[in-house]
A.B. asks: 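Okay, handing you the structure first.
Read the numbers this way: they start at 1 and go in the same order the structure lists the ligands and their atoms.
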Amino acid sequence: MSKPSAPVESYAELLKQGNLVVFPTETVYGLGASAWNPAAVQLIFNTKGRPADNPLIVHISSIDMVKQFTDHVSGRARVLMQKFWPGPLTLVFKKKARVLDAVTSGLDTVALRMPDHPLALSLIEHAGPLVAPSANKSGRPSPTRPEHVYSDFGNRIPLLDGGNCDIGLESTVLDLSVNPPVILRPGFITASAIEDACGFRPEVFSPKETDSPFQPKSPGMKYTHYAPKAGIRWLSEKDITLLNRQSDNSRTLLILHEADIPLEEPLRGLRITHFKGDYRRFARELYDCFRKADIDEHREIIIEPFSTELMQQDELIGALHNRISRAVSK
Ligand code: TXA
Ligand code: MG
């Protein structure tokens, strides 16, 4: 991890004065503002170009801070906090009346998470609870490296540099305000891990079956994002024939993870990234692949699909599938 150029306290001071600060977490970089400062919270929406109906996650550094935001902590919630915090699990609770409407986009619930990163925890200890969406412009992939943040915002927002993020996919969001609880966004903490901890296995929410267009359960999930400028699609048999035939593949990136694709030489400039069954690395590098494809001016990204068996074997692959599906060109 690279050393921050100024002490954490000076970044905390900026936050206390109502400024935004970008900080590292174990998942992706967050664009932080003091959770109790309405003007600073509003600044997040303006800076990102974020729709006002997409609520923010409050980041805390101790379980004691939970009571500032909710009175509804069940025994099950307590078990999950003790087992997974700090870590990439966001919990949604019925909120206290005093939580700012701008934070929750007017919902009666609030999302809380304790990030597993020493710089994030230290920043929150000094500055108090922080709301922090991923530190990207709305519609861009979440940033997993400082250079991703600079590419979206230049260097106008102070950034606490923690090097590259370890997990690379945004936290699992588990809604505990409904019965039975439901996973609104799959991530590194899986349904099985939650079941092992508390004896209850939550379903992963599927917008197609139950969502109403007027009242989406997880507002963020209705927006297409994570998308690079290049078109993205899943690899099909047709593509293999096409890639073998085409005279110039130099503006195509092929992402593989399992298959030995029968590609004939010469590949005519085709770029291949092969994760060779290392799904932790795939998750860590997915958004960087998307952003590099833009820098390299790729026209298309073709990704080997995941089989149902594979997704059942390893639920992190289900989370990868979720993020890629949302980036696939409509
Ligand atoms: O890993 C992460 O969670 C990162 C890092 C920075 O902590 N943050 C992040 O924030 O991904 P953001 O704003 O990009 O995504 C927050 C997600 C959105 O899908 C939003 O709709 C959902 O959490 N969310 C926030 N509050 C909610 C609530 N009260 N009820 C349901 N969903 C909520
Ligand atoms: Mg985001």
A.B. asks: Is there side-chain contact between Ile60 and Val66, with at least one heavy-atom pair below 4.5 Å?
C.D. replies: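 In contact.
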A.B. asks: Return the set of residues passing ring-ring contact (aromatic ring centres under 6.0 Å, His included) with Phe188 (not counting sequence neighbours), or none when no residue passes.
C.D. replies: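 Once residues adjacent in sequence are excluded, Phe188 has no partner under the ring-ring contact (aromatic ring centres under 6.0 Å, His included) criterion.
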A.B. asks: What part of Thr109, side chain, backbone, both or neither, has a heavy atom within less than 4.0 angstrom of ligand 1?
C.D. replies: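 Looking at Thr109 and ligand 1, atoms from backbone and side chain both fall under 4.0 Å.
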A.B. asks: For the 3.5 Å polar cut-off, considering only N or O atoms, please tell me whether Glu170 and ligand 1 meet it.
C.D. replies: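 Glu170 vs ligand 1: no N/O contact under 3.5 Å.
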A.B. asks: Looking only at N/O atoms, are Thr90 and ligand 1 under 3.5 Å apart anywhere?
C.D. replies: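 No: no nitrogen or oxygen of Thr90 is under 3.5 Å from one in ligand 1.
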A.B. asks: Can you list the atoms of ligand 1 that are under 4.0 Å from a heavy atom of Ile57?
C.D. replies: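 Near Ile57, meaning under 4.0 Å from one of its heavy atoms, ligand 1 has 3 (O), 10 (O), 16 (C), 23 (O).
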A.B. asks: Below 4.0 angstrom from a heavy atom of Pro133, which ligand 1 atoms are there? Numbered from 1 as shown, please.
C.D. replies: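 Taking each heavy atom of Pro133 in turn, ligand 1 has 10 (O), 12 (P), 13 (O) under 4.0 Å.
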A.B. asks: Without swapping roles, check the side chain of Ser122 against the backbone of Leu119 for a donor-acceptor pair under 3.5 Å.
C.D. replies: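 It does not hold such a pair.
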A.B. asks: Can you tell me if Ser171 and Arg185 form a side-chain donor-acceptor pair at under 3.5 Å?
C.D. replies: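 Checked: Ser171/Arg185 side chains pair up, N/O donor to acceptor below 3.5 Å.
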A.B. asks: Tell me, please: is His59 in heavy-atom contact with ligand 1, that is, under 4.0 Å?
C.D. replies: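 Distance cut 4.0 Å: His59 passes for ligand 1.
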A.B. asks: Which of the atoms of ligand 1 are close to Ser171, meaning less than 4.0 Å from one of its heavy atoms?
C.D. replies: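 Reading through ligand 1 atom by atom, the close ones are 1 (O), 2 (C), 3 (O).
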A.B. asks: Give the atoms of ligand 1, by number and element, whose distance to some non-hydrogen atom of Val28 is under 4.0 Å.
C.D. replies: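 Under 4.0 Å from Val28, ligand 1 has these atoms: 4 (C), 5 (C), 6 (C).
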A.B. asks: Test your reading of the structure: does Thr25 have an N or O sitting under 3.5 Å from an N or O of ligand 1?
C.D. replies: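 No, Thr25 has no N/O under 3.5 Å of an N/O on ligand 1.
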A.B. asks: Under 3.5 Å between some N or O of ligand 1 and some N or O of Asn54?
C.D. replies: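 The answer is yes, given that Asn54 and ligand 1 share an N or O pair closer than 3.5 Å.
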A.B. asks: Can you find a side-chain donor-acceptor pair between Arg113 and Thr172 that sits under 3.5 Å?
C.D. replies: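 Not at all, the side chains of Arg113 and Thr172 share no donor-acceptor pair under 3.5 Å.
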A.B. asks: Counting from 1, what ligand 1 atoms have a heavy atom of Gly30 closer than 4.0 Å?
C.D. replies: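 Per the distance check, 6 (C).
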A.B. asks: Just by distance, no angles: are the side chains of Glu304 and Trp234 close enough, under 3.5 Å, to form a donor-acceptor pair?
C.D. replies: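 The answer is no; no qualifying pair exists.
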A.B. asks: Please determine whether any non-hydrogen atom of Ala132 lies less than 4.0 Å from an atom of ligand 1.
C.D. replies: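 Ala132 counts as a contact of ligand 1 under the 4.0 Å cut-off.
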A.B. asks: Within 2.8 Å of the Mg ion (ligand 2), is there any N, O or S atom belonging to Ser134?
C.D. replies: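 Looking at Ser134, which is the residue asked about, there is an N, O or S atom under 2.8 Å from the Mg ion (ligand 2).
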A.B. asks: Consider ligand 1: state whether an atom of it lies below 4.0 angstrom from any non-hydrogen atom of Leu184.
C.D. replies: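 In this structure, Leu184 qualifies as a contact of ligand 1 - some heavy atom is under 4.0 Å.
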A.B. asks: Do the side-chain N and O atoms of Tyr287 and Glu170 include a donor-acceptor pair separated by under 3.5 angstrom?
C.D. replies: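 A donor-acceptor contact under 3.5 Å links the two side chains.
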A.B. asks: For ligand 1, note which part of Arg50 has a heavy atom under 4.0 Å away: side chain, backbone, both or neither.
C.D. replies: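 For Arg50, the contact with ligand 1 is made by the side chain alone.
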A.B. asks: Return the set of residues passing ring-ring contact (aromatic ring centres under 6.0 Å, His included) with Trp85 (not counting sequence neighbours), or none when no residue passes.
C.D. replies: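 Expected list: none.
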A.B. asks: Please determine, by modelled atom types, if His148 and Asn136 share a side-chain donor-acceptor pair under 3.5 angstrom.
C.D. replies: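 Absent: no donor and acceptor within the cut-off.
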A.B. asks: I'd like to know if the side chain of Thr27 pairs up with that of Thr25 as donor and acceptor (distance under 3.5 Å, no hydrogens or angles considered).
C.D. replies: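 Thr27 vs Thr25: donor-acceptor pair found between side chains.
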